[in-house]
*Asks:* 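Sharing a structure with you now.
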Amino acid sequence: MIALIFLNLFPSITNAVQIMDLDVIFKYKNDLVLNCSQFGENSTFYRRDKNDLSVTSISPDGSKYFFENGVLTIKNSKKFDINSEYFCNNTKGDHLFFNKLSIFFKFLSKQSFKKILVVPHLYYVDSMILTSTEGKNIDLNCYLLIGIPNKTLNWTWKLDDVKIEPGGRFILNEIEQERSTLSISDLKIDDSGLYTCRVSNEYGSHERNITLRVKNRLAPLWPFLGTFGQLLILTLIIGSYEIFKRKYSNNQELLE
């Protein structure tokens, strides 16, 4: 949608300018491509930090920021890149906002705010193998790294590619949609397997795997039972040898 307005607040600009917005899907660790070619090669790109509301211009550096024919490419986007807002303009005062109008420039247009279009991404946890004992309870957690926690996020869990339906020993909790927890009570040996946590919205999805190993409740006794078994076998061998030795000695005495 294009909104044409006169900037009466700036007497130096007398011509009508264009205030536009363009939807661009942001994805973690992917290149962000922002196209401002309709304004020509002399367009300038800006980044707005959501934390301190500061607005800074973006200059190509040959490593992360590349600019060609009015198109800005941000390589291997990180969390800061995705959580920032972007817009471009030209010398006429035309503005193009990506995904969402900046609060700083809200007065330039009557267009409503848009949610940021982001493919959700989960935190990577180094220890993705959990071990517990049957009969105990355990919580499996997934944390949101990239995404807007709201009702558009969908969380699902699977065990060995079979969707887990909440109920009974399995309880699903969403903490302000920034985390999903699968709580399992009274663990069984059959609960062992590969658990998959998946978060999705209308723009894409991401998932993480957690391996759960459930040990038999007698597992802590196995080292003791093994040692005891070895001693028992050794005792039986020695006892059998002593009995055989006595019988042999008695037979020798009878023969004499």
*Asks:* Answer with yes or no whether the side chains of S185 and N137 bring together a donor and an acceptor at under 3.5 Å.
*Replies:* no
*Asks:* Looking just at side-chain N and O atoms, do D139 and S183 make a donor-acceptor pair shorter than 3.5 Å?
*Replies:* yes
*Asks:* Under the criterion ring-ring contact (aromatic ring centres under 6.0 Å, His included), which of Y46, F45, F39 is the partner of F87?
*Replies:*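 Going through the options one by one, the only one that passes is Y46.
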*Asks:* Grab the two heavy atoms, one from K27 and one from V119, that are nearest each other, plus how far apart they are.
*Replies:*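 Nearest heavy atoms, K27 then V119: CG-CB, 4.0 Å.
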*Asks:* Provide the closest heavy-atom pair for Y203 versus N201 in the form atom of the first, atom of the second, distance.
*Replies:* N-OD1, 2.9 Å
*Asks:* Could you tell me the separation between the CG atom of D21 and the CZ atom of F98, rounded to the nearest 0.5 Å?
*Replies:* 10.0 Å
*Asks:* For S77 versus N30, what's the shortest heavy-atom pair and its separation?
*Replies:*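 Closest pair (atom of S77, atom of N30, distance): OG-O, 2.7 Å.
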*Asks:* Judged by atom type as modelled, is there a donor-acceptor pair below 3.5 Å linking the side chain of R213 to the main-chain atoms of I129?
*Replies:* no
*Asks:* With a 3.5 Å distance limit and no angle check, can you tell me whether R179 reaches the backbone of N141 through a side-chain donor-acceptor pair?
*Replies:*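 Not a single qualifying donor-acceptor pair exists.
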*Asks:* Could you tell me which non-hydrogen atom of Y28 sits nearest to which non-hydrogen atom of K79, and how far apart they are?
*Replies:* CE1-N, 3.7 Å
*Asks:* Starting at CH2 of W155, measure out to CG of L122 and round the result to the nearest 0.5 Å.
*Replies:* 5.0 Å
*Asks:* Calculate, to the nearest 0.5 Å, the distance between atoms CD1 and OH belonging to I74 and Y65 respectively.
*Replies:*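 Between atom CD1 of I74 and atom OH of Y65 there are 6.0 Å.
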*Asks:* Which pair of non-hydrogen atoms, one from S63 and one from D61, has the smallest distance, and what is that distance?
*Replies:*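 Nearest heavy atoms, S63 then D61: N-OD1, 3.0 Å.
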*Asks:* Between OG1 of T181 and CD1 of I171, what distance do you get to the nearest 0.5 Å?
*Replies:* 11.5 Å
*Asks:* Kindly compute the distance separating CG (N35) from CG (N69), expressed to the nearest 0.5 Å.
*Replies:* 9.5 Å
*Asks:* Measure from the side-chain N and O atoms of S180 to the backbone N and O of C142, and report whether any donor-acceptor pair falls under 3.5 Å.
*Replies:*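 A pair under 3.5 Å: no.
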*Asks:* Do you reckon F170 sits in the same ILVMFWY cluster as L130, going by side-chain contacts under 4.5 Å, direct or chained?
*Replies:*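 They do share one cluster, since a chain of ILVMFWY contacts under 4.5 Å joins F170 to L130.
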*Asks:* Over 60° means perpendicular and under 30° means parallel, so classify the ring planes of H206 and H121, tilted if in between.
*Replies:*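 Taking H206 first and then H121, their aromatic rings lie parallel (interplane angle under 30°).
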*Asks:* K64 side chain to K75 main-chain N or O, any donor-acceptor pair under 3.5 Å?
*Replies:* yes
*Asks:* When rounded to the nearest 0.5 angstrom, what is the spacing between CD1 in I210 and CG in L194?
*Replies:* 9.5 Å
*Asks:* For the residue pair S132 and L187, what are the closest heavy atoms and their distance?
*Replies:*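 Minimum heavy-atom separation between S132 and L187: OG-CD1, 3.4 Å.
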